[in-house]
Amino acid sequence: MILPRDFYDRPTLDVARDLIGKLLVHRLPEGTAAGIIVEAEAYIGEEDPACHAAVGPTERNAPLYGPPGRAYVYLNYGLHDMMNAVTECAGHPSAVLIRALEPVEGLALMRRRRARAPWRKGRGPVADHDLCRGPGNLTRAMGITLADNLRTLWRGQLTIHGGGVSAGDLAWSPRIGIRVGTEHHWRVAVAGHRSVSGGNSSRRKREND
DNA sequence: CGTTCGATGCACT
DNA sequence: GTGCATCGAACGT
């Protein structure tokens, strides 16, 4: 069953924790892709220096100020679309970044989309557990783009479902790839899961700062 | 094992 | 003009 709108209208850290083990589903004419969320990060309010809302309301971060339960998708490094779930009541700009999935459905479609990336030209197929490993890889594999910005997650073609999935032990750690706000351990992941990002050494160093 | 860096586009100052 | 909530290859030790 699809998670209701109210699921997202709660403290962001609770939402981040509870999103682990849930199923992200994207239905398109070319096929359906789905995966279990195994890694996420919380970005909480204007006081969080790493949150896009830290600079106050702008055109780009407007979705954060809107109602919870919608997607906030933005382009990062000119290359990667990042997908967040907007949380908390409207006016408190917060969201959860979806960082990694364990692929469940549409793996062939995911692999085709990943292979389409220019930098993968001439390289071998992506392993199953790497298809949705990392926020940029995840959106590419799932076919999530800027066109999905502001989409409702509780109905429509991009949805998050609950039900029956055991998440395993959760591990909290500093968020990845940011220069500020690293004192907060607002990244949550299934401990030891193969599809969790941050596997390379430079990431690990930043994590331990 | 470790660190560095290019690709690539746009919001923000 | 600057700086990214990244990815993955290249290179040093």
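In the text below, chain A, chain B and the rest are named by the order of the sequence lines, each starting its count at 1. Since the model is a prediction, treat every value here as computed from it, not as a measurement.
- Judged by distance alone, with hydrogens and angles left aside, Asn61(A) brings no side-chain donor or acceptor close enough to the base of dA11(B) to form a pair under 3.5 Å.
- Considering only side-chain atoms of Met82(A), the nucleotide from dA5(C), dT6(C), dG8(C) that sits closest is dT6(C).
- The CD1 atom of Ile98(A) sits 17 Å away from the C1' atom of dT6(C) (whole-angstrom rounding).
- Rounded to whole Å, the separation between the P atoms of dA10(C) and dT8(B) comes to 15 Å.
- Checking His129(A) against Glu102(A) by side-chain atom types alone, no donor-acceptor pair falls below 3.5 Å.
- Distance Glu41(A) CD to dC4(C) P: 15 Å, rounded to the nearest Å.
- Looking at heavy-atom distances under 4.0 Å, Arg140(A) makes no contact with the nucleic acid at all.
- Across all strands, Asn137(A) comes closer than 4.0 Å only to sugar-phosphate atoms, never to a base (heavy-atom distances).
- Across the protein-nucleic acid pair, Leu138(A) atom CG and dA5(C) atom P stand 17 Å apart, rounded to whole Å.
- The phosphate of dG8(C) has OP1 or OP2 within less than 4.0 Å of a side-chain N or O from Trp119(A).
- Counting heavy-atom neighbours within 6.0 Å of Arg120(A) CZ, excluding the residue itself, gives a total above 12.
- Nucleotide dC4(C) holds its P atom 14 Å from the CZ atom of Arg175(A), rounded to whole Å.
- Picking from dG8(C), dT6(C), dA5(C) the nucleotide with the shortest atom distance to the side chain of His80(A) gives dT6(C).
- Summarising the geometry, the separation between CG on Leu75(A) and C1' on dA5(C) is reported as 12 Å, rounded to the nearest angstrom.
- For dT8(B), there is no paired nucleotide, since no Watson-Crick or G-U wobble pair has both relevant distances below 3.5 Å.
- Side chains of His92(A) and Tyr65(A): a donor-acceptor N/O pair is absent below 3.5 angstrom, by distance only.
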inquiry  = Determine whether His184(A) and Thr182(A) satisfy the following criterion, side chain to side chain donor-acceptor pair (under 3.5 Å), listing intermediate values before the conclusion.
reply    = CA-CA 5 Å; His184(A) 297 122; Thr182(A) 52; over 6 Å; no

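- A side-chain N or O of Ser197(A) and one of Arg99(A) form a donor-acceptor pair less than 3.5 Å apart.
- Comparing the P positions of dT13(C) and dC5(B) gives an interatomic distance of 13 Å, to the nearest angstrom.
- Comparing the C1' positions of dG8(C) and dC10(B) gives an interatomic distance of 22 Å, to the nearest angstrom.
- Between the CZ atom of Arg60(A) and the P atom of dC12(B) there is a distance of 6 Å, given to the nearest Å.
- Here dT6(C) presents its P atom at 12 Å from CG of Leu79(A), a figure rounded to the nearest Å.
- For Arg27(A) and Glu105(A), the salt-bridge test fails: no basic side-chain N is under 4.0 Å from an acidic carboxylate O.
- Judged by centroid separation below 5.5 Å and plane tilt below 30°, Tyr77(A) does not stack onto the base of dA7(B).
- When rounded to the nearest whole Å, the span between CD1 of Ile176(A) and C1' of dC4(C) equals 16 Å.
- One donor-acceptor pair, N or O on each side, does fall under 3.5 Å between the base of dA5(C) and the side chain of His52(A).
- dA5(C): no Watson-Crick or G-U partner with both key distances under 3.5 Å is found in any strand.
- Phosphate contact (OP1/OP2 of dG8(C), side-chain N/O of Arg120(A), threshold under 4.0 Å): present.
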